[in-house]
Amino acid sequence: MLKNLFRTWGQGDRASAVRDTLAGLSLACMNIPQVLGYARIAGMPAVTGLYTVLLPLVAFAGFGSSRHLVVAADSATAAIFSSALARMAPPGSAHYMALVSMVALLSAGFLLVARLFRLGFLADFLSRTVLVGFMAGVGLQVAIAMTYDMLGLHSTAHNPFVQCLDLLKNLPHLVPLTAALSCGMCLFLYAGEKLAPHKPLALVLVVGSIFASWALGLEARGVAVVGPLSGGLPSLHFPQVGWNDILSLLPVATSCVFVIIAQSAATSRIYAYEFQENTDEDKDILGLSAANAVAALSGTFTVNGSPTQTAMAVQAGARSQRAQLVFACVTLGVLLFLTAPLRYLPRCVLGAIVFNVAMGMIDLRALWRIRQESPGEFGLALITAATVVGIGVEQGILVAIALSLFRHVRHSYEPHTMVLQEDAHTKLLEASLVKAGVETEPGLIVYRFCADLFYANCNRFAEDLRLLISTAPMPVRCVVVDASAITDIDYSAACLLRTVLQELQARSVLVAFGRVNPFLRADMERHRITEVLGEGNIYAQLHTAVAAARSHAACEAA
């Protein structure tokens with residue numbers, strides 16, 4: 001780890017070192033207020049938000065591979081465990097804090113197992129479509145929760161729909177000054193994003209509101225503040241949690257791990273592509289495991305690769321983890337010398353900052369692009385978002401994975417199938433849809449099946465061949481299967497395929513396979529399809545298979 005840290009700090013020339021240092025300072029200015037807000041989402045003391053950008057940042061820089069990923073507090077994982085743990089202990093209590101740290105430790109353990117078994121590929125099971133829907137649902141859920149802080153209200157409900165109903169009931173009891181401050185903060189942030197998108201506006205809000213709270217005595221006027229913060233370094237300790245509680249935390253940690261792997265991998269890939277760099281997902285998982293382990297031992301909560309903070313780092317000019325190390329150093333200075341002023345920070349300010357971040361997670365442009373390009377996938381994104389808001393974040397993760405897999409299976413279950421026909425102008429074989437009465441030429445059908453053959457779609461293969469043969473204008477003497485898209489045949493599909501081949505042979509129809517790749521050839525031999533089909537009817541090229549079929553059809557016609 002130390003060797004990797006020294007290499008990270010010493011890489012590049014002096015100009016890049018200055019650039020990364022300035023980027024790290026800017027990143028700290030923009031993100032320290034945000035991590036305080038993330039601690040609010042997590043139901044933890046505000047100072048624990050600072051802990052997430054201290055040792056975890058250093059741990060990932062020492063073990064991870066991505067040059068850009070910022071591993072820190074994240075609203076998605078904070079929402080996952082806070083919604084579940086609030087039912088087990090009062091937020092902010094000693095027991096609750098121990099449970100939160102144990103979730104981080106369990107997440108670290110699961111991530112280490114994922115690294116040992118090279119499970120970085122799991123990130124591929126969350127499609128971009130459902131990930132956009134998931135993030136939109138989380139953003140909406142967090143925004144609803146933060147509305148209470150912004151209005152000076154309190155809610156014990158966890159379901160967003162119930163929170164909305166309670167909000168309507170409690171609106172007459174809002175604190176006018178708190179609501180006015182929140183509205184002003186939101187307008188300031190919105191205008192600032194349009195006019196000065198790269199400026200540390202959140203820092204300006206925090207500093208200005210701290211000074212105003214202290215000078216004007218906002219707490220005495222009914223505005224809730226963060227309150228006293230314990231400064232100094234975090235104390236390293238193992239979270240004390242009973243065995244029964246650990247068992248109850250396993251599903252929560254599992255949900256966090258899926259989000260961590262998927263979100264971190266997606267974020268690191270985006271910037272690796274942008275800067276034409278290589279990234280090792282399994283090594284990043286090890287870095288995330290180390291970051292969560294030190295987060296647990298330092299008394300804070302689960303950390304994740306943050307898309308928003310990573311984007312901020314890149315926009316600020318960061319090109320290596322050196323910027324993140326500078327960010328950690330600034331955080332150390334705040335913990336040692338500047339926690340006293342933070343006690344005056346109004347909660348509504350944090351609520352407004354987090355509300356702004358949450359609304360930014362709802363990527364309306366991406367949703368609109370999905371709707372324009374793929375209405376079906378747009379529906380999947382909305383279902384994922386609705387599940388997160390209506391049922392819960394953990395269930396939203398599972399639904400997101402299930403929908404991603406369902407979409408893939410659906411395409412395999414209903415593959416495109418075509419008949420190749422000769423084009424009148426080019427004289428080449430062109431694809432047309434399978435329907436009754438279609439043939440390639442008199443006595444010959446060239447059929448393309450655009451998916452692997454497995455138990456769920458093999459009936460489609462058999463039904464298409466039977467339809468084409470029974471409705472052909474002329475008696476069919478040969479069928480050539482274009483197998484270019486088939487790389488695998490399972491046992492169920494092999495049994496049906498042997499039956500279909502024997503059925504066609506009984507009707508004196510020759511069947512040949514063209515464009516057979518080595519993987520399909522191995523499956524055909526293992527499942528005894530070669531034995532039924534005949535060794536001479538398997539071809540590596542389609543044109544040779546078609547030529548042989550035409551020759552056979554001509555002989556039969558003669």
Side-chain angles (χ1 to χ4, degrees), residues 414-454 457-489 493-558:
E414 296 179 347
H416 296 296
T417 58
M418 293 165 279
V419 174
L420 303 185
Q421 295 179 298
E422 186 176 279
D423 184 86
H425 300 288
T426 64
K427 303 301 180 183
L428 299 175
L429 293 178
E430 303 292 345
S432 61
L433 297 178
V434 172
K435 59 183 178 180
V438 176
E439 61 181 358
T440 303
E441 56 190 60
L444 172 64
I445 292 174
V446 180
Y447 173 72
R448 177 181 292 168
F449 191 81
C450 299
D452 289 335
L453 273 167
F454 69 111
N457 67 12
C458 57
N459 286 324
R460 172 73 176 276
F461 182 91
E463 290 168 0
D464 279 356
L465 289 184
R466 288 167 180 154
L467 173 68
L468 292 169
I469 292 172
S470 63
T471 62
M474 298 290 291
V476 176
R477 301 184 184 278
C478 297
V479 172
V480 175
V481 178
D482 179 355
S484 55
I486 306 175
T487 60
D488 180 79
I489 302 178
C495 291
L496 181 61
L497 183 55
R498 288 197 301 267
T499 301
V500 172
L501 291 175
Q502 292 167 352
E503 175 187 322
L504 296 181
Q505 288 170 356
R507 299 173 62 175
S508 300
V509 177
L510 175 72
V511 180
F513 275 64
R515 289 180 179 164
V516 176
N517 57 69
F519 307 105
L520 176 59
R521 184 63 178 264
D523 277 358
M524 294 175 78
E525 292 178 357
R526 184 174 66 255
H527 291 301
R528 296 181 291 108
I529 296 172
T530 303
E531 179 183 325
V532 176
L533 186 63
E535 185 73 32
N537 295 320
I538 300 176
Y539 301 87
Q541 296 86 26
L542 180 62
H543 68 274
T544 55
V546 173
R550 284 171 174 165
S551 177
H552 176 82
C555 291
E556 289 292 317

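Along the sequence shown, residues carry numbers from 1.
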Identify which one of Leu465, Val511, Leu496 satisfies the side chain to side chain contact (heavy atoms under 4.5 Å, CB included) criterion when paired with Leu501.
Val511

Do you know which of Val532, Leu533, Ile486 makes side chain to side chain contact (heavy atoms under 4.5 Å, CB included) with Met524?
Leu533

Check the pair Arg448 / Thr417 against side chain to side chain donor-acceptor pair (under 3.5 Å), numbers first and verdict last.
CA-CA 6 Å; Arg448 177 181 292 168; Thr417 58; over 6 Å; no

Compare all side-chain heavy atoms of [X] with those of [Y] and state whether any distance is below 4.5 angstrom.
{"X": "His416", "Y": "Phe449", "value": "no"}
{"X": "Ile469", "Y": "Arg507", "value": "yes"}
{"X": "Val481", "Y": "Phe461", "value": "yes"}
{"X": "Asn537", "Y": "Phe513", "value": "no"}
{"X": "Arg466", "Y": "Glu503", "value": "yes"}
{"X": "Phe454", "Y": "Asp488", "value": "no"}

If I take atom [atom1] from residue [X] and atom [atom2] from residue [Y], how far apart are they, to the nearest 0.5 angstrom?
{"X": "Leu428", "Y": "Glu430", "atom1": "CG", "atom2": "CD", "result": "6.0 Å"}
{"X": "Ile538", "Y": "Glu525", "atom1": "CD1", "atom2": "CD", "result": "7.0 Å"}
{"X": "Leu429", "Y": "Asp423", "atom1": "CG", "atom2": "CG", "result": "9.5 Å"}
{"X": "Ile489", "Y": "Leu497", "atom1": "CD1", "atom2": "CG", "result": "5.5 Å"}
{"X": "Gln502", "Y": "Gln505", "atom1": "CD", "atom2": "CD", "result": "7.0 Å"}

Checking side-chain polar atoms at under 3.5 Å, does Tyr447 have a donor or acceptor matched by the opposite partner on Asp482?
no

Let's go through Arg498 and Ile529 carefully: what are the C-alpha distance in whole Å and the side-chain angles of both, what is the deciding distance for side-chain contact (heavy atoms from CB on, under 4.5 Å) to 0.1 Å, and is it a yes or a no?
CA-CA 6 Å; Arg498 288 197 301 267; Ile529 296 172; 4.1 Å; yes

Minimum heavy-atom separation for [X] to [Y], with atom names?
{"X": "Val479", "Y": "Val476", "answer": "CG2-CG1, 4.0 Å"}
{"X": "Cys450", "Y": "Ala485", "answer": "CA-CB, 3.6 Å"}
{"X": "Gly514", "Y": "Ala545", "answer": "CA-CB, 4.0 Å"}

Side-chain ([X]) to main-chain ([Y]) donor-acceptor, under 3.5 angstrom:
{"X": "Ser551", "Y": "Ala547", "value": "no"}
{"X": "Thr544", "Y": "Ala540", "value": "no"}
{"X": "Asn457", "Y": "Arg460", "value": "no"}

Do any side-chain atoms of residues 432-445 form donor-acceptor pairs under 3.5 angstrom with protein atoms, and if so which ones, sequence neighbours left out?
{"residue": "Ser432", "atom": "OG", "partner": "Val419", "partner atom": "O", "Å": "3.1"}
{"residue": "Ser432", "atom": "OG", "partner": "Gln421", "partner atom": "OE1", "Å": "2.9"}
{"residue": "Thr440", "atom": "OG1", "partner": "Leu420", "partner atom": "O", "Å": "2.6"}
{"residue": "Thr440", "atom": "OG1", "partner": "Val446", "partner atom": "N", "Å": "2.7"}
{"residue": "Glu441", "atom": "OE1", "partner": "Arg550", "partner atom": "NE", "Å": "3.1"}
{"residue": "Glu441", "atom": "OE1", "partner": "Arg550", "partner atom": "NH2", "Å": "3.1"}
{"residue": "Glu441", "atom": "OE2", "partner": "Arg550", "partner atom": "NE", "Å": "3.4"}

Would you say Arg526 has more than 12 foreign heavy atoms packed within less than 6.0 Å of its CZ?
yes

